[in-house]
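So that the names make sense, note that chain A is the first sequence line, chain B the second, and so on, each numbered from 1.
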Number of protein chains: 2
Amino acid sequence: MTESTRPMRRQDIRRENEKAILLAAEKVFAEAGFGGATMQLIADLAGLPKANLHYYFATKEELYRSVVQNIFEIWLQAANCFDVARGPIDGISAYIDAKMEISRRHPDGSKVWASEVMHGAPVLQDYMESTLREWTDGRVAIIRRWIEEGKMDPVDPRHLLYMLWATTQHYADFGHQIETLNGGKPLSDRQWREAKENIKRVILTGIGAQPA
Amino acid sequence: MTESTRPMRRQDIRRENEKAILLAAEKVFAEAGFGGATMQLIADLAGLPKANLHYYFATKEELYRSVVQNIFEIWLQAANCFDVARGPIDGISAYIDAKMEISRRHPDGSKVWASEVMHGAPVLQDYMESTLREWTDGRVAIIRRWIEEGKMDPVDPRHLLYMLWATTQHYADFGHQIETLNGGKPLSDRQWREAKENIKRVILTGIGAQPA
DNA sequence: CTGAAAGCTGACCATACGGTCAGGATGCAA
DNA sequence: TTGCATCCTGACCGTATGGTCAGCTTTCAG
């Protein structure tokens with residue numbers, strides 16, 4: 001049943017194996033950190049022999065880099081929310097929604113990203129100095145415009161962005177702590193919604209966001 | 001001059017070496033994670049032969065546990081601010097100040113703590129289920145009282161606490177990112193002050209904190 | 001002064017890990 | 001069907017790491 005037919009085409013094989021490896025790697029890197037992760041563990045989780053990993057990814061570093069870059073893509077995609085928005089209420093609400101969704105659906109990715117940054121971004125330094133900086137500068141400009149247009153109070157845009165990143169990512173990176181304080185149970189749908197609403201409300205009220 | 005006389009007493013030797021080892025360990029664990037840290041690296045940084053580390057701390061796990069417990073103490077001490085306060089403005093302001101000071105003075109400690117939690121708190125699980133839970137419940141009660149007394153809007157106390165933790169710790173854990181976005185320079189005194197003021201302002205305004 | 005306890009360390013060991021490779025299995029184009 | 005490129009993998013290797021230990025030096029109580 002489950003394993004009966006295997007008419008796998010070459011392309012499919014490669015794609016599926018890479019996907020399985022990356023998924024397993026993300027989890028193991030998130031749980032153990034780069035140094036604590038082992039190729040054997042990743043291989044076991046992916047259901048492949050270790051040597052097969054090295055067929056697709058030459059080194060542990062290369063595999064790690066792939067994982068981190070994947071995450072960075074997702075992280076940046078959440079940005080679009082900001083651009084289409086008319087004002088801070090729309091834009092920041094949507095951004096918080098997007099980032100909270102990432103925290104909920106990709107907690108491992110978020111952890112790997114956090115770990116990478118905490119350890120000095122050995123892999124992503126280039127991206128941070130180019131792509132991330134440009135992205136940030138763009139959003140800072142948008143926020144500044146909102147302030148000039150009287151749509152929100154004159155809050156430092158950078159610190160506001162840090163606040164958005166911090167509050168949303170916290171639910172992934174410190175998920176274990178939150179879960180423990182929640183009686184050992186993961187947050188329910190309801191609690192996730194409450195978390196989002198709380199963050200939005202406090203921040204939007206806090207910056208004096210005005211309806212566009 | 002610097003190294004002339006060494007009338008070290010036993011007690012002093014032990015205290016100073018343990019201190020040096022713990023300091024070095026904190027830094028190495030923060031930079032490399034538990035798995036990436038090596039006893040050799042810690043020993044070198046502490047200026048001691050590796051075997052000497054094992055004289056004071058039998059295993060890497062034991063050393064790590066000591067580091068983490070130290071940090072947990074500091075983390076909890078910032079709590080006192082909350083207790084003595086009359087209302088949300090005093091209490092939360094003081095707490096933000098205290099936590100930002102920790103982020104600035106103990107970034108390595110903060111990172112180790114973050115790493116520990118991200119990896120499922122293998123060492124601190126017990127503390128989190130006892131001490132941390134009690135501490136949190138206590139603060140939740142205080143915030144609830146403030147709400148009942150009309151000193152602030154009815155914001156979910158837990159999510160507010162997470163927000164405080166997230167925003168303040170972010171400046172330590174993601175310090176590298178912030179530094180990169182700051183042109184590769186660490187935040188100046190002024191910028192730290194601005195960061196603190198921004199956080200306070202947004203959150204206190206956001207929760208509708210009323211002067212006691 | 002003396003002996004025992006505390007502090008110290010170079011040399012060593014077992015293990016685990018990242019990585020390699022020769023050679024087998026499999027799909028696929030011609 | 002055939003030949004080749006891709007895919008796969010068990011067995012192996014060198015190294016780095018956590019940890020041990022025998023024996024040395026230093027402190028200090030009596």
For [X] and [N], give me the distance from atom [atom1] to atom [atom2], rounded to whole Å.
| X | N | atom1 | atom2 | value |
| --- | --- | --- | --- | --- |
| A/Glu16 | D/dC7 | CD | P | 13 Å |
| A/Asn17 | D/dC7 | CG | P | 9 Å |
| B/Phe57 | D/dT20 | CZ | C1' | 18 Å |
| A/His54 | C/dG18 | NE2 | C1' | 5 Å |

Extract from the structure each pairing of a protein N or O with an N or O of nucleotides 9-14 of chain D at less than 3.5 Å, listing the distance.
residue : atom : partner : partner atom : Å
D/dT9   : OP2  : A/Asn52 : ND2          : 3.1

Could you check which residues of residues 37-46 of chain B get a heavy atom under 4.0 Å from DNA chain D? Sort them by number, please.
->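 Nucleic-acid contacts, sorted: B/Ala37, B/Thr38, B/Met39.
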
Atom pairs and distances, donor-acceptor, side-chain atoms in residues 167-176 of chain B, under 3.5 Å, two or more places apart:
residue  : atom : partner  : partner atom : Å
B/Thr167 : OG1  : B/Met163 : O            : 2.7
B/Thr167 : OG1  : B/Leu164 : O            : 3.2
B/Thr168 : OG1  : B/Leu164 : O            : 2.7
B/Thr168 : OG1  : B/Trp165 : O            : 3.2
B/Gln169 : OE1  : B/Trp75  : NE1          : 3.0
B/Gln169 : OE1  : B/Lys99  : NZ           : 2.6
B/Tyr171 : OH   : A/His159 : ND1          : 2.6
B/Asp173 : OD1  : B/Ser110 : OG           : 2.9
B/His176 : NE2  : A/Gly120 : O            : 3.1
B/His176 : NE2  : A/Gln125 : OE1          : 2.5

Side-chain donor or acceptor of A/Arg133 paired with backbone N/O of A/Glu129 under 3.5 Å |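 Yes, because the side chain of A/Arg133 sits within donor-acceptor range (under 3.5 Å) of the backbone of A/Glu129.
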
Using atom types as modelled and distance alone, determine if a side-chain donor or acceptor of B/Glu194 lies under 3.5 Å from a backbone N or O of B/Gln191.
->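 Answer holds: no.
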
Which pairs count as side-chain hydrogen bond (donor to acceptor under 3.5 Å, both in side chains) when at least one residue sits in residues 46-58 of chain A, sequence neighbours excluded?
->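 Residue pairs with at least one partner in residues 46-58 of chain A: A/Asn17-A/Tyr56.
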
Could you pull out all residues at least two apart from B/Phe82 that satisfy ring pair (Phe, Tyr, Trp, His ring centres under 6.0 Å)?
->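 For B/Phe82, the residues satisfying ring pair (Phe, Tyr, Trp, His ring centres under 6.0 Å) (neighbours in sequence not counted) are B/Tyr95, B/Trp146.
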
Identify each donor-acceptor pair in which a side-chain atom of residues 27-46 of chain A lies under 3.5 Å from a protein atom, sequence neighbours left out, and give them as a table.
residue : atom : partner : partner atom : Å
A/Thr38 : OG1  : A/Leu41 : N            : 3.0
A/Gln40 : NE2  : A/Asp44 : OD1          : 3.1

Whether over 12 other heavy atoms sit under 6.0 Å from B/His106 NE2 =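 Count not over threshold, so no.
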
So what does B/Glu62 hit on the nucleic acid, given a heavy-atom distance under 4.0 Å: a base, only sugar-phosphate, or nothing?
->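 It contacts nothing in the nucleic acid.
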
